[in-house]
*Asks:* 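Quick one: the structure is below, and I'll ask about it shortly.
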Amino acid sequence: MSIFDTFLNWKVFVQTLPLLLSGLTTTLTLGVTAIILGFIGGLVLALLRLYANSPLKQIAVAYIDILRSIPILVLLVVIYYALPFVGLRLSPFGAAASALSLVSAAYSAEIFRAGIEAVPKGQFEAARALGLSPWRRMSDVVLPQALRIVIPPITSNSINVMKDTALASVVAMPDLLKQATQAQALAANPTPLISAAVIYILLLMPLVRLVGVFEKRLAVRGR
């Protein structure tokens with residue numbers, strides 16, 4: 001048997017393609033959900049860390065430090081298998097989206113904090129001199145500039161979230177990796193796993209290149 005029959009079997013690929021596409025849909029839904037929730041949560045945490053009163057600031061710092069220290073796989077297992085003991089049972093999708101969003105928010109918070117702190121202090125002072133309220137200073141002056149600064153690292157974080165969706169297979173969620181593993185077992189051939197790897201590359205490679213484009217543009221503007 002040749003390497004093509006074993007790892008790149010076209011007949012097996014065609015037979016398992018519907019299962020892989022079904023898993024890809026689940027992976028994309030989970031990834032986009034976690035990225036959006038992590039983005040919103042990270043922005044709120046960053047603002048709390050920078051501008052809230054002391055108790056809320058300390059809670060935000062503790063959350064960020066703890067969630068950045070926990071492996072996502074451990075958090076996912078705890079959410080899915082431990083929470084039912086306290087009366088909270090989540091679906092595999094809910095557990096995976098929660099774990100990925102909670103961790104993504106912690107990383108996003110540090111990215112947003114760095115972006116806000118990178119805005120020149122003169123911008124804060126000019127907005128204050130114009131008599132803008134604290135909310136309008138942040139929403140109209142500071143955040144638009146900070147968001148442009150954090151686009152590359154936020155995109156990198158989104159790529160990591162999308163890759164981490166593969167961990168959802170441990171709670172029996174039918175994502176791309178889970179479906180590929182199942183197809184591999186049914187076909188007794190590793191072609192579905194190789195196909196899943198190719199799909200991940202085709203999905204994430206454009207985002208990786210996009211980060212490079214953003215970084216080059218920011219470098220040109222910074223000169």
Side-chain angles (χ1 to χ4, degrees), residues 13 15-46 60 63-112 153-187 190-208 210-211:
F13 171 73
Q15 289 175 344
T16 58
L17 185 58
L19 203 57
L20 294 176
L21 292 178
S22 170
L24 176 60
T25 302
T26 304
T27 289
L28 288 174
T29 304
L30 174 62
V32 171
T33 301
I35 289 169
I36 293 174
L37 293 178
F39 184 94
I40 296 171
L43 183 56
V44 172
L45 284 168
Y63 175 93
I64 293 168
D65 290 348
I66 292 172
L67 268 293
R68 291 173 72 200
S69 304
I70 294 179
I72 295 180
L73 180 60
V74 174
L75 183 62
L76 175 58
V77 170
V78 169
I79 290 176
Y80 187 70
Y81 292 105
L83 287 185
F85 287 96
V86 295
L88 182 58
R89 183 180 298 277
L90 297 178
S91 65
F93 183 90
S98 298
L100 291 170
S101 302
L102 290 171
V103 174
S104 175
Y107 282 98
S108 297
E110 285 301 274
I111 295 171
F112 283 126
I154 280 291
T155 307
S156 293
N157 187 51
S158 300
I159 293 171
N160 290 330
V161 172
M162 195 60 76
K163 285 194 297 185
D164 288 337
T165 57
L167 296 173
S169 60
V170 302
V171 293
M173 202 189 78
D175 71 318
L176 178 57
L177 182 61
K178 180 71 175 179
Q179 297 294 61
T181 305
Q182 183 177 343
Q184 178 195 12
L186 291 173
T191 297
L193 273 181
I194 302 297
S195 303
V198 173
I199 292 173
Y200 274 114
I201 292 172
L202 294 176
L203 179 65
L204 298 178
M205 185 68 79
L207 292 177
V208 172
L210 198 59
V211 173

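For this chain, numbers begin at 1 and follow the sequence in order.
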*Asks:* How long is the span from the CG atom in Leu207 to the CE atom in Met205, to the nearest 0.5 Å?
*Replies:* 11.0 Å
*Asks:* About how many Å separate CD1 of Ile70 and CG of Leu75, when rounded to the nearest 0.5 Å?
*Replies:* 5.5 Å
*Asks:* So Leu100 and Thr33, side chain to side chain contact (heavy atoms under 4.5 Å, CB included) or not? Walk me through it.
*Replies:* CA-CA 9 Å; Leu100 291 170; Thr33 301; over 6 Å; no
*Asks:* Could you tell me whether the side chain of Thr27 reaches within less than 4.5 Å of the side chain of Tyr200, counting heavy atoms only?
*Replies:* yes
*Asks:* Under the side-chain hydrogen bond (donor to acceptor under 3.5 Å, both in side chains) rule, collect the residues that match up with Thr191, sequence neighbours excluded.
*Replies:* Asn189
*Asks:* Got a second to check how far Ile35's CD1 is from Thr155's OG1, nearest 0.5 Å?
*Replies:* 9.5 Å
*Asks:* How long is the straight-line distance from CD1 of Ile199 back to CG of Leu204, given to the nearest 0.5 Å?
*Replies:* 11.5 Å
*Asks:* What donor-acceptor contacts under 3.5 angstrom involve side-chain atoms of residues 165-184, with partners at least two apart or in another chain?
*Replies:*
residue	atom	partner	partner atom	Å
Thr165	OG1	Met162	O	2.5
Ser169	OG	Ala166	O	3.0
Asp175	OD1	Lys178	N	3.1
Thr181	OG1	Leu177	O	2.8

*Asks:* Would you please name every residue forming a ring pair (Phe, Tyr, Trp, His ring centres under 6.0 Å) with Phe112, sequence neighbours left out?
*Replies:* Phe39
*Asks:* Give me the atom names and distance for the closest heavy-atom approach of Ala109 to Ala46.
*Replies:* O-CB, 3.4 Å
*Asks:* Looking at OG1 of Thr29 and CG of Leu24, how far apart are the two atoms once the value is rounded to the nearest 0.5 Å?
*Replies:* 9.0 Å
*Asks:* Which atom pair, heavy atoms only, marks the closest approach of Ser195 to Leu20?
*Replies:* CB-CD1, 3.7 Å
*Asks:* Ignoring hydrogens, what is the shortest heavy-atom contact between Tyr63 and Leu45? Give both atom names and the distance.
*Replies:* CE2-CD1, 3.3 Å
*Asks:* List the atom of Ala106, the atom of Leu67, and the distance in Å for their closest heavy-atom pair.
*Replies:* CB-CB, 3.6 Å
*Asks:* Provide the full list of side-chain hydrogen bond (donor to acceptor under 3.5 Å, both in side chains) pairs with a residue in residues 98-107, sequence neighbours left out, each pair given once.
*Replies:* Ser104-Asn157
*Asks:* Evaluate Ile40 against Ile36 for side chain to side chain contact (heavy atoms under 4.5 Å, CB included), listing each step before the verdict.
*Replies:* CA-CA 6 Å; Ile40 296 171; Ile36 293 174; 4.1 Å; yes
*Asks:* Under the criterion side chain to side chain contact (heavy atoms under 4.5 Å, CB included), I'd like the reasoning laid out for Leu76 against Ile79: C-alpha separation, chi angles, the key distance, then a yes or no.
*Replies:* CA-CA 5 Å; Leu76 175 58; Ile79 290 176; 5.6 Å; no
*Asks:* Of all residues at least two apart in sequence or in a different chain, which pass the salt bridge (charged side-chain N to carboxylate O under 4.0 Å, His left out) check with Arg68?
*Replies:* Glu110
*Asks:* Any idea which heavy atoms bring Ser91 and Tyr80 closest together, and the distance?
*Replies:* C-CE1, 4.1 Å
*Asks:* Counting only N and O atoms by type, is there a donor-acceptor contact under 3.5 Å from the side chain of Thr16 to the main-chain atoms of Leu19?
*Replies:* no
*Asks:* Test of understanding: with ring pair (Phe, Tyr, Trp, His ring centres under 6.0 Å), list the residues that count as partners of Phe93, not counting sequence neighbours.
*Replies:* none
